[in-house]
Student: 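I have a structure here, written as structure tokens, and I will follow up with some questions on it.
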Protein chains: 2
Amino acid sequence: MNAIDNLVALLSRLPGIGKKSAQRLAYHILEAPRSYASTLAASLANLHEAIKRCSVCGSFTETDPCAVCSDETRDTSLLCVVERSSDVRVIEESREYKGRFHVLGGLIAPLNGVGPDDLSINSLLARLNSEGVHEVILALNPTVEGDTTALYLQKLLKETPLTITRLASGLPVGGDLEYADRLTLARSLRGRIAM
Amino acid sequence: MNAIDNLVALLSRLPGIGKKSAQRLAYHILEAPRSYASTLAASLANLHEAIKRCSVCGSFTETDPCAVCSDETRDTSLLCVVERSSDVRVIEESREYKGRFHVLGGLIAPLNGVGPDDLSINSLLARLNSEGVHEVILALNPTVEGDTTALYLQKLLKETPLTITRLASGLPVGGDLEYADRLTLARSLRGRIAM
């Protein structure tokens, strides 16, 4: 296999990149200044060296504990449980949340062989005891796996005095009723808010 | 800037990859086995080392001359002129063409400051004289720049005994009249074929 085909094969393993897109990217990189390929190569080679998982919350970070966990001004009574590290970034970018995070590292999905033991639930329970948390926000995707995992955690924490909440599910801001699917519309009705 | 943001910035410079997609790719690479990032890094670092431009036709190749130019069984009387090296790949994959190629390295685009002198037109003329070409196929995109370049080359070669042809423009196979734009439909009418 030649060097272009090799690069195309590697790129087409990325999510959302088919063979045609991979070819387009590979040729773009070839036509771009040589420095681009070498900078990108260096960035990738260095990536896992530079980025670790935070020993407290489990999100990707250069420093351990991460910037959020070591920030004294954050509200430690709030703990937001997310599936992946990238969800932390998304929520941080909304600038709406001032508590801390906990990354599960996945969702319960029996069909894929992922059970509760594969997620960082033990460390979650330990944190709930030691960090003085009052409210656990389950910020999991509104999918079958997300709902299953939220239900599991809710049952697990039922006996504790903790408040358990979920992100509101409903119409996207700027969205149109006409384009909303049935399930989203049903949820937004069930979760309707007094004005 | 941390290592993730750095990778996101680099990836979002690729065509068709916005900031959101770049973030998704970066986190995917982080969550994937470490060997993936290092293999991709090695492939990128090695790319410009392994791939050169063919000294005859100008397409990307590991050997010089490239596989097409050094293939004795190809029809040297046919020369297919393309914009970029990736176009050679696309035409080769159609398995319809048995002649040789010439990569212009761009299209005439006065607004972008690209004139005929920026393209490999001199080497094209030299090849036409030395290789015994009978027909030049202009396989340029049916865009303003592609049409301008085709017209320029046609005028340039008017006095020669060469046959100059262009790729047929019209409805895509499997396409639907209803979804064809006006210009494509007009061209497919103008270029209608006797059955």
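Lettering of chains follows the sequences in order, A, B, ..., and the numbering in each one begins at 1.
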Student: Taking all atoms of both residues into account, what is the closest heavy-atom pair of A:Ala3 and B:Glu62, and its distance?
Tutor: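 Nearest pair, atom of A:Ala3 first, then B:Glu62: N-OE2, 2.6 Å.
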Student: With sequence neighbours left out, what residues match A:Val114 under side chain to side chain contact (heavy atoms under 4.5 Å, CB included)?
Tutor: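 If we apply the side chain to side chain contact (heavy atoms under 4.5 Å, CB included) test to A:Val114, skipping adjacent residues, the hits are A:Ala109, A:Asn112, A:Asp118, A:Leu119.
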Student: How close do A:Leu10 and B:Tyr36 get, counting heavy atoms only, and between which atoms?
Tutor: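 Closest pair (atom of A:Leu10, atom of B:Tyr36, distance): O-OH, 2.6 Å.
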Student: Counting only heavy atoms closer than 4.5 Å, note whether B:Arg13 contacts chain A via side chain, backbone, both or neither.
Tutor: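 Contact with chain A involves both backbone and side-chain atoms of B:Arg13.
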Student: Where on B:Ser86 is there a heavy atom nearer than 4.5 Å to chain A: the side chain, the backbone, both, or neither?
Tutor: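 Looking at B:Ser86, backbone and side chain both touch chain A.
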Student: I need the contact set between residues 146-172 of chain B and chain A: heavy-atom distance under 4.5 Å, sorted by residue number.
Tutor: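 Within residues 146-172 of chain B, no residue comes under 4.5 Å of chain A, counting heavy atoms only.
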Student: Please classify the contact of A:Ala42 with chain B as side chain, backbone, both or neither, using a heavy-atom distance under 4.5 Å.
Tutor: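 Neither part.
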Student: Mind checking what makes salt bridge (Lys or Arg N to Asp or Glu O under 4.0 Å) contact with A:Arg74, not counting sequence neighbours?
Tutor: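 A:Arg74 satisfies salt bridge (Lys or Arg N to Asp or Glu O under 4.0 Å) with A:Glu92 only.
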Student: To the nearest 0.5 angstrom, please state how far the CD1 atom of A:Ile4 sits from the CD1 atom of B:Ile51.
Tutor: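 Going from the CD1 atom of A:Ile4 to the CD1 atom of B:Ile51 covers 4.0 Å.
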Student: Are the side chains of A:Ile29 and B:Leu14 in contact, using a 4.5 Å heavy-atom criterion?
Tutor: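 Counting from C-beta outward, B:Leu14 and A:Ile29 do come under 4.5 Å.
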Student: Could you tell me which residues in residues 93-107 of chain B have at least one non-hydrogen atom under 4.5 Å from a non-hydrogen atom of chain A, sorted by residue number?
Tutor: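 Listed by number: B:Glu93.
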Student: Relative to chain B, which of A:Arg84, A:Arg34, A:Glu31 shows the most heavy atom pairs under 4.5 Å?
Tutor: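 Most pairs with chain B among the choices: A:Arg34.
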Student: In this structure, are over 12 heavy atoms from other groups packed under 6.0 Å from B:Lys20 atom NZ?
Tutor: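 Count not over threshold, so no.
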Student: Does the side chain of B:Thr61 come within less than 4.5 Å of A:Asn2's, by heavy atoms?
Tutor: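 When only atoms from C-beta onward are counted, B:Thr61 and A:Asn2 do not touch, as no gap falls below 4.5 Å.
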Student: With a 4.5 Å cut-off on heavy-atom pairs, point out which of B:Arg53, B:Glu49, B:His28 contacts chain A the most.
Tutor: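 Result: the option with the highest number of such pairs is B:His28.
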Student: Determine, using the 4.5 Å side-chain heavy-atom cutoff (strictly less than), whether A:Phe60 and A:Val81 are members of one ILVMFWY cluster.
Tutor: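 As far as the 4.5 Å side-chain criterion goes, A:Val81 and A:Phe60 are not connected within one cluster.
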Student: Just so I know, are the side chains of B:Ile17 and A:Ile17 near enough to count as touching, which here means a heavy-atom distance under 4.5 Å?
Tutor: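 Yes, side chains in contact.
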Student: To the nearest 0.5 Å, tell me how far B:Ser85 OG sits from A:Leu30 CG.
Tutor: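 Answer rounded to 0.5 Å: 7.5 Å.
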Student: Please step through side-chain contact (heavy atoms from CB on, under 4.5 Å) for the pair A:Leu40 and B:Leu11, ending with a clear verdict.
Tutor: CA-CA 8 Å; A:Leu40 185 56; B:Leu11 289 174; 4.0 Å; yes
Student: Assigning hydrophobic clusters by single linkage (Ile, Leu, Val, Met, Phe, Trp, Tyr; side-chain heavy-atom cutoff under 4.5 Å), is B:Leu138 placed with B:Leu79?
Tutor: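 Yes, B:Leu138 connects to B:Leu79 through the hydrophobic network.
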Student: Are any of the side-chain heavy atoms of B:Leu25 and A:Pro15 separated by less than 4.5 Å?
Tutor: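 B:Leu25 vs A:Pro15: side chains touch.
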Student: Just wondering, do B:Arg89 and A:Asp5 contact through their side chains at under 4.5 Å, heavy atoms?
Tutor: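 Yes. Closest side-chain heavy atoms under 4.5 Å.
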Student: Name the region of B:His48, side chain, backbone, both or neither, that has any atom closer than 4.5 Å to a heavy atom of chain A.
Tutor: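 Both parts, heavy atoms under 4.5 Å.
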Student: According to a 4.5 Å side-chain heavy-atom criterion applied to Ile, Leu, Val, Met, Phe, Trp and Tyr, with indirect links allowed, do B:Val88 and B:Ile137 form part of one hydrophobic cluster?
Tutor: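 Shared cluster, yes.
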